[in-house]
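Lettering of chains follows the sequences in order, A, B, ..., and the numbering in each one begins at 1.
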Amino acid sequence: MTKRITISQAAAFTGQRVEIPGWLYNLRKSGKIVFPILRDGTGMMQCVAMKNNLPEEKFEALKHLTQESSLIVTGVIREEARAASGFEMDVEDVQIIQKVSEEDPYPITPKEHGVDFLMDRRHLWLRSQRQHAIIRVRHEIIKATRDYFDNNGFTLVDTPIFTPAACEGTTTLFECNYFDDEKAYLTQSGQLYNEANAMAFGKVYCFGPTFRAEKSKTRRHLTEFWMVEPEMAWADLEDVKRVAEEFVIYVVGRVLDKKREELKVLERDTSKLELVQGPFVRMSYTDAVKNLQEHGSNIEWGSDFGGGDETILTQQFDRPMLVDRFPTAIKAFYMQPDPERPEVAMGVDVLAPEGYGEIIGGGQRIHDPELLLRRIKEHDLPQEAFDWYIDLRKYGTVPHGGFGMGIERCVAWICGLEHVRETIAFPRMLYRLRP
RNA sequence: UCCUCAGUAGCUCAACGGCAGAGCAUUCGGCUGUUAACCGAAGGGUUGUAGGUUCGAAUCCUACCUGAGGAGCCA
């Protein structure tokens, strides 16, 4: 019986007769010789079928096979410089599992297509080479993320997706019915629960999908995105910044190490990624505002960065930036104020270079119970909803902090993509819920 | 929610007030080393929807629908 292998294993079977199941990616023909390009999810392989080497009807069937038809090819693997992968199969037999109908051919041809057309066929678009590369880089980023935290003393403690209240604002929550009369909301962040977990385990992280009903229609927004959030007890802003920097360097390094081929498919300029080394550029919000004003922005101290501001800042440097100490007034209620300058909060954002902007947001949390209570009142938040959160400051409170990194923005940056919609298999966006 | 742009063949686009067009895809034919192969031929259209202006509208005007880019907000 012929051994069945995958395309990724082909090199190891040079000179041997094997069978490979897959889909027809493309077919070129030249009289009595045809070149089917087979894909199987692990790679692509050019096959060569000569009229004389297989039965007449099999050759004719193969010659007229349509794109994305499923088939099993049998033949001998051979080294071949003329093939893109360096290997080729001389086809001796072919078994067609399903021929895609000529009346309704596979819609995604090797030529160009528009975004709308491709997004409507996302379930098929995922078969394309470029999409494979992106999803594989995403996989590596997620693996590297888990490895980083697992290897540095963090315990994975995942936080709930149904939540009873907002973590930040209430305007951007997806609401759903929770049995009889109660409402539940899809989580925007695991942070508050993470703080409880950090008081229990010391260093923790959670990693899962988060949901924001923001009506944002930009290249950087999804309504459902994945976020990794580490949280550390006994940590201040400087600790948070150090971990964020080390983590980003580790993740980029891993992708460069393991996913060169994929970055090449994406035509990513890896020299830009090689520059992602410590120390990152460090700048306070106040200095950033000065810098922006000098570069023509009309930002004023006290307001958040506008659309072009992050670009103006990051374009000046070839590595990520840490911007810290934002105005307390524009930050979340739990953010620790700077003891020397209470008008600024001990928060930090990591801005990716090349115009990719914010990929990480975090900081030190308030650990003083009196202050936290005051902040909850100032923000008009219902105190009873935060009773358990306030408990964390009643029973052995300690300085603590952490951050969140959006996986899709990180993937978009590392892959050099224009839009986050390609960084997840089935993106959820304003106005796009299907497929 | 607001601003800007775009909807023409299955796809990507052209025609911009006067005959509805090309490349790719599909079908048929040719080619024993192709690399988004190439060469020849065929089929394929309610120009997003509704109304208006005009002798005449894909083209100009109005409304609506759909999508894209951006703003605000954010990871």
Peer 1: Considering every strand and a 4.0 Å limit on heavy-atom distances, what is the contact class for Gln46(A): base, sugar-phosphate, or nothing?
Peer 2: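 Base, at least one base heavy atom under 4.0 Å.
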
Peer 1: Compare the minimum distances between each of U32(B), A25(B), A75(B) and the side chain of Lys32(A), then state the nucleotide with the smallest one.
Peer 2: U32(B)

Peer 1: Can you tell me how far P of A75(B) sits from CG of Asp349(A), to the nearest Å?
Peer 2: 7 Å

Peer 1: Indicate, with a heavy-atom threshold strictly under 4.0 Å, whether Leu222(A) touches base, sugar-phosphate, or nothing.
Peer 2: base

Peer 1: Is there, by distance only and without an angle test, a donor paired with an acceptor across the side chain of Arg409(A) and the base of C74(B) below 3.5 Å?
Peer 2: yes

Peer 1: Whole angstroms only, please: what is the CD1-C1' distance between Ile33(A) and U32(B)?
Peer 2: 5 Å

Peer 1: Tell me whether the side-chain N/O atoms of Arg421(A) come closer than 4.0 Å to OP1 or OP2 in G69(B).
Peer 2: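 Yes, within the criterion.
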
Peer 1: Let's test your reading of the model: under 3.5 Å, does the base of C73(B) pair with the side chain of Thr172(A) as donor and acceptor?
Peer 2: no

Peer 1: Which nucleotide, C11(B), A36(B), G69(B), lies nearest any side-chain atom of Arg219(A)?
Peer 2: G69(B)

Peer 1: Nearest heavy atom decides the nucleotide; on that basis, is Asp90(A) or Met119(A) closer to the 5' end of RNA chain B?
Peer 2: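 By nearest-heavy-atom nucleotide position, the 5'-most residue is Asp90(A).
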
Peer 1: Does U27(B) have OP1 or OP2 sitting under 4.0 Å from an N or O in the side chain of His64(A)?
Peer 2: no

Peer 1: Arg432(A) side chain N/O closer than 4.0 Å to the phosphate oxygens (OP1, OP2) of A68(B)?
Peer 2: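 Answer yes for this pair, as a side-chain N or O of Arg432(A) is under 4.0 Å from OP1 or OP2.
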
Peer 1: Taking atom types as modelled, find out whether Glu422(A) and Gln131(A) have a side-chain donor-acceptor pair closer than 3.5 angstrom.
Peer 2: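 A pair is found: one side chain offers a donor N or O, the other an acceptor, under 3.5 Å apart.
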
Peer 1: Between U12(B), A36(B), U27(B), spot the one nearest the side chain of Phe117(A), thanks.
Peer 2: U12(B)

Peer 1: Quick one, Glu229(A) and Tyr205(A) - any side-chain contact, counting heavy atoms below 4.5 Å?
Peer 2: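 Contact flag for Glu229(A)/Tyr205(A) side chains = no.
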
Peer 1: Using the six-membered base ring of G67(B), report whether Tyr431(A) stacks on it, requiring centroids under 5.5 Å and planes under 30° apart.
Peer 2: no

Peer 1: Answer with yes or no whether Glu88(A) presents, from its side chain, a donor or acceptor under 3.5 Å of a partner atom in the base of G33(B).
Peer 2: yes

Peer 1: When the P atoms of U12(B) and G48(B) are compared, how many Å lie between them, rounded to an integer?
Peer 2: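 G48(B) and U12(B) have their P atoms separated by 14 Å.
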
Peer 1: Rounding to an integer number of Å, can you tell me how far His419(A) NE2 sits from G67(B) C1'?
Peer 2: 12 Å

Peer 1: Where the side chain of Glu102(A) is defined as all heavy atoms beyond and including C-beta, which of A25(B), A75(B), U27(B) is the nearest nucleotide?
Peer 2: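 In terms of side-chain proximity for Glu102(A), the closest of A25(B), A75(B), U27(B) is U27(B).
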
Peer 1: Nearest of G67(B), A75(B), A68(B) to any side-chain atom of Asp116(A)?
Peer 2: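 Comparing G67(B), A75(B), A68(B) against the side chain of Asp116(A), the answer is G67(B).
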
Peer 1: Tell me, with the steps shown, if Arg28(A) and Gln46(A) meet side-chain hydrogen bond (donor to acceptor under 3.5 Å, both in side chains).
Peer 2: CA-CA 10 Å; Arg28(A) 287 184 283 267; Gln46(A) 172 163 292; 3.2 Å; yes

Peer 1: Just how far, in rounded Å, is P of G10(B) from CZ of Arg121(A)?
Peer 2: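 For the pair Arg121(A) CZ and G10(B) P, the rounded distance is 11 Å.
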
Peer 1: Assign Gly357(A) to base, sugar-phosphate, or nothing according to its heavy-atom contacts below 4.0 angstrom with the strands shown.
Peer 2: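 It contacts nothing in the nucleic acid.
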
Peer 1: Hey, does Arg78(A) reach any base, or is it just sugar-phosphate, or nothing, if we go heavy atoms under 4.0 Å?
Peer 2: base

Peer 1: Mind checking whether Tyr389(A) and Phe333(A) have parallel, tilted or perpendicular rings, split at 30° and 60°?
Peer 2: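 Perpendicular, since the angle between the ring planes exceeds 60°.
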
Peer 1: From NZ of Lys29(A) over to P of U32(B), roughly how many Å is that when rounded to an integer?
Peer 2: 14 Å

Peer 1: Is a side-chain donor-acceptor pair under 3.5 Å present for Trp226(A) with Thr210(A)?
Peer 2: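 There is no such pair between these side chains.
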
Peer 1: At 4.0 Å (heavy atoms only), tell me whether Asn26(A) reaches a base, stays on the sugar-phosphate, or touches nothing.
Peer 2: sugar-phosphate

Peer 1: How would you label the contact of Met50(A) with the nucleic acid (heavy atoms, under 4.0 Å): base, sugar-phosphate, or nothing?
Peer 2: base

Peer 1: In whole angstroms, how far is the P atom of A75(B) from the CZ atom of Arg428(A)?
Peer 2: 22 Å

Peer 1: Using only heavy-atom distances, determine whether the side chains of Glu195(A) and His400(A) contain a donor-acceptor pair under 3.5 Å.
Peer 2: yes

Peer 1: Apply ring pair (Phe, Tyr, Trp, His ring centres under 6.0 Å) to residues Phe247(A) and Phe149(A) and explain how you reach the verdict.
Peer 2: CA-CA 8 Å; Phe247(A) 165 61; Phe149(A) 292 113; 4.9 Å; yes

Peer 1: So which nucleotide from C74(B), G10(B), A25(B) ends up closest to the side chain of Pro105(A)?
Peer 2: A25(B)

Peer 1: U32(B) base to Asn52(A) side chain: any donor-acceptor pair below 3.5 Å?
Peer 2: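 Such a pair is found, so the answer is yes.
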
Peer 1: Could a donor-acceptor pair under 3.5 angstrom be found where the side chain of His113(A) meets the base of C11(B)?
Peer 2: no

